[in-house]
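Below: the structure, in structure tokens.
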Amino acid sequence: MGQTQTLGQIIILNGAPRSGKSSIVAVIQETFDGLWMNLGVDRFMQMTPARYLPGIGLRPGGERQDIEPVVPILYSAMYESIAAHSRLGLNVVVDIGHHDAYAMKRGILADSARRLNGLPVLFVGVRCPIEIIMERRQKTGWEVGSTADSIPHPVQLWQHEVHIPGIYDLEVDTSLLSPGACAEVIRQQLADTPAPSAFQRLAALHT
């Protein structure tokens, strides 16, 4: 009889761009026990042909309706890869910015959850006030204005879409906690007695 493979843990960090997800990923990879693979949005965008970019990083607002039909397929491939890593016993951490504010509803989050059915998933919301996000965007070369009225609509919409109440197992706020402190909160959550994952409950939306 073959040896039973222990499933790898999956951590999904969901938040708006510049909310601090990648910094938390770096701490998890550096300090958590075991091997943690980063299969986040940036990795998949690096593999995507330029003419299909930003691919799974497509902003809310229906701005690229020409590539929208392929985005759910890209997400499906991404989550099938995450599932394959977990089934091989590899831990996976994913930084992503799920939204459903395309030209039409795509149901990508629920479909993604279905693809991880039966696997150990911790779904973490990464919060950060939009004012701080705009400051971070400015520091990384984005043109930003100085008033709330000048915040681009896709940025405001993304902020709204990732903070739907009740969809997460856990939320952290990078304006209040350092990346290391956020990672420690996540570590403690993993150490507690497992509860039904909020991410798995989302799968029911696709059935």
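When a residue number appears, it is its place in the shown sequence, counting from 1. Computed from a prediction, not measured in an experiment: that's the story for all the values here.
The minimum heavy-atom distance between Pro17 and Ile133, with the atom names listed, is O-CG2, 3.6 Å. In terms of heavy-atom proximity, Gly8 sits nearest to Pro120 at O-CG, 3.3 Å. In this structure, Leu157 and Gly61 approach most closely via the heavy-atom pair CD2-N, 3.9 Å. For Arg87 against Leu7, the heavy-atom pair with the smallest separation is CA-CD2, 3.8 Å. Taking both residues in full, the closest heavy atoms of Ala183 and Val27 are given as CB-CG1, 3.6 Å, listed atom of the first, atom of the second, then distance. Across every non-hydrogen atom of Ser86 and Val92, the tightest pair is N-CG2, 4.4 Å.
Between Gln9 and Leu122, the closest side-chain pair of non-hydrogen atoms falls below 4.5 Å. Considering only heavy atoms from C-beta on, Pro54 stays 4.5 Å or farther from Arg59 through its side chain. In this structure the side chain of Val124 never reaches within 4.5 angstrom of the side chain of Glu171, judged on heavy atoms. Residues Asn14 and Val126 form no side-chain contact, since every pair of their non-hydrogen atoms from C-beta on lies 4.5 Å or further apart. Contact of the Asp95 side chain with the Ile24 side chain is not registered, since no non-hydrogen atoms from C-beta on lie closer than 4.5 Å. Counting only heavy atoms from C-beta outward, the side chains of Pro60 and His160 never approach each other to under 4.5 Å. Between Leu109 and His99 the shortest side-chain heavy-atom distance does not fall below 4.5 Å. Side-chain contact between Ile151 and Ile130 is present, with at least one heavy-atom pair separated by less than 4.5 Å.
Both Val71 and Ile12 are members of a single hydrophobic cluster when ILVMFWY side chains are connected at heavy-atom separations under 4.5 Å. Residues Tyr75 and Met104 do not share a hydrophobic cluster, defined by chaining ILVMFWY side chains whose heavy atoms lie under 4.5 Å apart. Cluster membership check: Val162 does not share its hydrophobic cluster with Ile132, using side-chain heavy-atom separations under 4.5 Å among Ile, Leu, Val, Met, Phe, Trp and Tyr. Under the 4.5 Å side-chain contact rule for hydrophobic residues, Ile96 and Ile167 share a cluster.
In summary, of the residues considered (Thr31, Leu90, Ile11), a side chain to side chain contact (heavy atoms under 4.5 Å, CB included) with Trp36 occurs for Ile11 alone. His98 pairs with exactly one of Tyr79, Phe123, Tyr168, Trp158 by the ring-ring contact (aromatic ring centres under 6.0 Å, His included) rule, that one being Tyr79.
Judged by distance alone, the side chains of Thr174 and Arg127 never bring a donor and an acceptor atom under 3.5 Å apart.
Between atom CD1 of residue Ile186 and atom CG of residue Asp169 there is a gap of 11.0 Å, rounded to the nearest 0.5 Å. Rounded to the nearest 0.5 Å, atoms NZ (Lys21) and CD1 (Ile28) are 12.5 Å apart. Residue His85 holds its NE2 atom at 8.0 Å from CG of Leu88, rounded to the nearest 0.5 Å. We find the CD1-CZ distance between Ile73 and Arg106 to be 10.0 Å, quoted to the nearest 0.5 Å. Between the CD atom of Glu68 and the CG atom of Leu58 there is a distance of 6.0 Å, given to the nearest 0.5 Å. If you take OG1 on Thr48 and CG on Leu74, they are separated by 5.5 Å, rounding to the nearest 0.5 Å.
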task = Show your working on side-chain contact (heavy atoms from CB on, under 4.5 Å) between Val94 and Leu13 and close with a plain yes or no.
result = CA-CA 6 Å; Val94 180; Leu13 302 175; over 6 Å; no
task = Check the pair Val70, Tyr52 against side-chain contact (heavy atoms from CB on, under 4.5 Å), reporting the backbone distance first and the verdict last.
result = CA-CA 8 Å; Val70 79; Tyr52 289 105; 4.1 Å; yes
inquiry  = Apply side-chain contact (heavy atoms from CB on, under 4.5 Å) to residues Leu190 and Phe32 and explain how you reach the verdict.
reply    = CA-CA 11 Å; Leu190 290 175; Phe32 279 26; 4.1 Å; yes
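Checking side-chain atoms of Arg64 against main-chain N and O of Leu53 turns up a donor-acceptor pair under 3.5 Å. A donor-acceptor contact shorter than 3.5 Å links the side chain of Arg136 to the backbone of Ser19. A donor-acceptor pair is defined here as one N or O able to donate and one able to accept, closer than 3.5 Å; such a pair exists between the side chain of Glu161 and the backbone of Asp100. Although no hydrogens or angles enter the test, the distance criterion places a donor-acceptor pair under 3.5 Å between the side chain of Gln159 and the main chain of Cys128.
Taking Arg187 as the reference, Glu184 meet the salt bridge (charged side-chain N to carboxylate O under 4.0 Å, His left out) condition, with sequence neighbours excluded. Residues meeting the salt bridge (charged side-chain N to carboxylate O under 4.0 Å, His left out) test with Asp33, sequence neighbours left out: none.
Counting heavy atoms of neighbouring residues, nucleotides and ligands inside a 6.0 Å radius, atom CD of Gln46 exceeds 12 of them.
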